[in-house]
Structure formats: structure tokens, C-alpha cells
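Have a look at the structure below before the remarks.
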Amino acid sequence: MLNNKQIRRCLDVFAEMFPDAKGELNHSNPFELLIAVVLSAQCTDKLVNKVTATLFKKYQKPEDYVSVPLEELQNDIRSIGLYRNKAKNIQKLCQAIIEDYDGKVPETRDELMKLAGVGRKTANVVASIAFNEPAIAVDTHVERVSKRLGICRWKDSVREVEETLMRKVPKEEWTITHHRMIFFGRYHCKARNPNCPECPLLDLCREGKKRMKQIS
DNA sequence: AACTCGGGGCA
DNA sequence: TGCCCAGAGTT
């Protein structure tokens, strides 16, 4: 496990490598953002943006999503994959927003997580982007990077990873750190072929050192 | 904790 | 072709 000073160094390296890291899902409208983030599970933001470009012309309010047959909505989002469950969840979620939240997207993580298709990660992303609530959403990249570097333990659950990060990272840096760690995981500390030889954090990364040993 | 959903992107 | 992806729900 890394100490506070080492974690500080990790954050500084992330900042140096990806100073302007930012997600591609940026919708000023909280409802559209929510839909976009729900759609983004297990697929890239670029693909989601391609779908929402036309989707949001046809559907604007929660009522629009529940007024069409399930099969039609499924067909409209087919190209992103996992489309059957996502369409079902979106109809459920819209129904709940209409009935329980007066047609408006709830603004806290706990309320967001009650919605169909909204888990911990999605709730954090929506809360931080749409409602400016500091958050560290733990996706596969954030989890992998945290575990490899030793910011948290290997066995930690997603929830434990999130709690550790929120405890160790200054609150005002939560959201930007989330984005930077995703970039770090996506372009440098990749799942399959991490670039350990050129990693500025190699000296404090137990996983990196282990990998370097295997290579040589 | 393991399994399923899934088409698109990329090597 | 094969393999994975900015997850969530169910068993």
C-alpha cells in the first residue's frame, strides 16, 4: 500500500500526463446526460455520442421514451450493444422519474442509484457532471490503476476502492482525478499491454516491477 | 462471486 | 477472426 506522499506523487504524475482530461459525455441537460451515461456502460463514449446525436432528436422528455413500444426503443439504440437491457432500464427509469420525481432527474447519488440501470459508477458520473457534486466514479480503468499502483488493495471491492480514493485524494481534486486516472488507464496503464518501461511511477509500482522482471 | 447481456472497434 | 469495452442486474 502506498503512503500519502506516494499517492500525492501519483496524482501529480497524472496531472502532468493528462492535464486536461475530460469525459466526452457532456450534456448541459441532466436528463440527456443521465440517458447518455446509462447507455455508455461497456461501450465507448464515441459510440454513445453517435447514437445520441439522433436519439435526442426523437426523444426529449421521459414521457417520450415510455410512449413507444420497447422494441422500437431497442432498435433505436441497437448499435451500442447490450441494447435490450438498456432499453428496458431506460423505460423503467423514465417511468420512475415521471411518477416519483415529478419528471426531474434526482440530484443525489443515493436517489440516482435507485433508478433502473444506474449503479454506483453512473450515479457518480451524473452527480459530478450534471450537479457539480465532487465524486470519483470507479470504472474498470480507475480500479485497475488503483490496484496496480497499490493505492488500494487487490482484493478491494469497487466500493472499497471508491472509499479509499475519496479518503486519500483531496476533495477538490476528486472529479479531475477521476478523469485523469481513466486516461492514465486507457492510454498508458492499459489492461493488456501496460507501458511499464516508460512509466514515471515504475519505482513505486509493485505490479510494474513484477512485470518488468517477467519481461527480462 | 460468477454469469449474462452485445454490437462495434481494433489488432 | 478473436477479444475487449468509461457496468448493472440477477442468481
Side-chain angles (χ1 to χ4, degrees), chain A residues 14 17-18 20-27 30 32-55 65 70-97 105-106 109-130 133-148 151 153-162 165 169 174-195:
Chain A
F14 298 155
M17 292 177 75
F18 307 102
D20 304 316
K22 205 176 155 199
E24 293 181 39
L25 261 32
N26 276 307
H27 300 272
E32 289 193 350
L33 177 71
L34 174 63
I35 299 295
V37 179
V38 168
L39 290 175
S40 76
Q42 291 295 97
C43 86
T44 63
D45 288 1
K46 274 186 185 151
L47 194 51
V48 173
N49 285 334
K50 207 151 66 174
V51 170
T52 55
T54 56
L55 192 75
Y65 287 94
L70 176 59
E71 292 73 22
E72 185 175 340
L73 181 56
Q74 287 176 332
N75 196 54
D76 287 338
I77 64 170
R78 180 176 296 271
S79 62
I80 64 169
L82 305 179
Y83 59 93
R84 292 191 189 87
N85 287 336
K86 286 178 184 175
K88 269 187 219 171
N89 286 335
I90 285 173
Q91 287 198 326
K92 266 203 228 172
L93 160 173
C94 287
Q95 196 62 43
I97 288 180
V105 179
R109 277 190 292 266
D110 289 342
E111 292 301 315
L112 284 164
M113 280 181 61
K114 292 180 185 170
L115 300 173
V118 180
R120 241 186 140 63
K121 185 254 173 183
T122 300
N124 273 320
V125 170
V126 173
S128 79
I129 299 182
E133 199 174 326
I136 297 183
V138 178
D139 63 6
T140 55
H141 293 308
V142 175
E143 180 177 0
R144 183 180 66 254
V145 169
S146 300
K147 290 184 176 180
R148 278 186 180 162
I151 294 174
R153 300 174 218 282
W154 268 106
K155 286 301 188 182
D156 282 351
S157 65
V158 171
R159 174 165 199 149
E160 288 169 324
V161 176
E162 184 186 314
L165 286 171
V169 177
W174 284 359
T175 303
I176 184 64
T177 297
H178 156 72
H179 286 116
R180 285 174 181 158
M181 286 183 81
I182 286 170
F183 273 61
F184 185 78
R186 181 143 184 72
Y187 299 112
H188 178 78
C189 190
K190 294 176 285 190
R192 225 94 30 86
N193 191 18
N195 191 2

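Using a 4.0 Å heavy-atom criterion, one finds that A:G81 contacts the bases of the nucleic acid, with or without backbone contacts as well. Within the 4.0 angstrom heavy-atom criterion, only backbone atoms of the sugar-phosphate kind lie near A:G117; the bases stay farther away. Within 4.0 Å of A:L93, counting heavy atoms only, lies no atom of the nucleic acid at all. When heavy atoms are screened at a 4.0 angstrom cut-off, A:V118 is found touching the sugar-phosphate backbone but no base atom.
Note: CD1 (A:I80) to C1' (C:dC5) measures 12 Å, nearest angstrom. Rounded to whole Å, the distance from CD on A:E24 to P on C:dA6 is 11 Å. As a whole-Å value, the separation of A:K46 NZ from C:dA6 P is 12 Å. Between A:L115 atom CG and C:dA8 atom P the separation is 12 Å, expressed in whole Å. Here the P atom of nucleotide C:dA6 and the CZ atom of A:F184 are 15 Å apart, to the nearest Å. Counting to the nearest Å, the P atom of C:dG7 and the CG atom of A:L25 are 11 Å from each other. The CD1-P distance, from A:I90 to C:dA8, rounds to 13 Å in whole Å. Atom P of nucleotide C:dG9 and atom NZ of A:K114 are separated by 14 Å, given to the nearest angstrom.
Side-chain N or O atoms of A:R159 include none that pairs as donor or acceptor with a backbone N or O of A:R120 at under 3.5 Å. At least one donor-acceptor pair under 3.5 Å links the side chain of A:D156 to the backbone N or O of A:R153.
A pairwise comparison of heavy atoms in A:R109 and A:A135 identifies NH1-CB, 3.6 Å as the closest pair. Residues A:L112 and A:A123 come closest through the heavy atom pair CD1-O, 3.7 Å.
Residue A:R120 places none of its side-chain N or O atoms closer than 4.0 Å to OP1 or OP2 of C:dA8. In terms of phosphate contacts, A:Y83 brings a side-chain nitrogen or oxygen within less than 4.0 Å of OP1 or OP2 of B:dG7. Contact annotation: A:Q42 side-chain N/O to C:dG7 OP1/OP2 distance is under 4.0 Å.
B:dG9 and C:dA8 have their C1' atoms separated by 22 Å, with the value rounded to a whole Å. Going from the P atom of C:dC4 to that of B:dC3 covers 15 Å, rounded to whole Å. Nucleotides B:dG8 and C:dG9 place their P atoms 24 Å apart, quoted to the nearest Å. When the C1' atom is compared between B:dA2 and C:dA6, the two are found 22 Å apart, to the nearest whole Å.
Of all nucleotides listed (C:dC5, C:dA6, B:dG6), C:dC5 comes nearest to the side chain of A:R192. Listed nucleotides C:dG7, B:dC5, C:dG9 differ in distance to A:N85; the shortest reach to its side chain belongs to B:dC5. Closest to the side chain of A:D45, out of B:dG6, C:dC4, C:dA6, is C:dA6.
Taking the side chain as every heavy atom from C-beta outward, A:L93 and A:N89 never approach each other to under 4.5 Å.
Toward the 5′ end of DNA chain C lies the nearest nucleotide of A:R186, the other residue of the pair A:R186 and A:A116 mapping further downstream. Taking for each of A:K155 and A:L82 the nucleotide of DNA chain B with the nearest heavy atom, the 5'-most of the two is the partner of A:K155.
Around NZ of A:K92, the count of heavy atoms belonging to other residues, nucleotides or ligands within 6.0 Å does not exceed 12. The 12-atom threshold is exceeded at CZ of A:R78, counting heavy atoms of other residues, nucleotides or ligands nearer than 6.0 Å.
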With the criterion being N/O to N/O and under 3.5 Å, what pairs connect the protein with nucleotides 9-11 of chain B, and how long is each?
unit_1 : atom_1 : unit_2 : atom_2 : d
B:dG9  : OP1    : A:K50  : NZ     : 3.0

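Between A:K114 and A:E111, at least one side-chain N (NZ, or NE/NH1/NH2) sits under 4.0 Å from a carboxylate O, which counts as a salt bridge.
Classification of the A:F184-A:F18 ring pair by plane angle, with boundaries at 30° and 60°, yields perpendicular.
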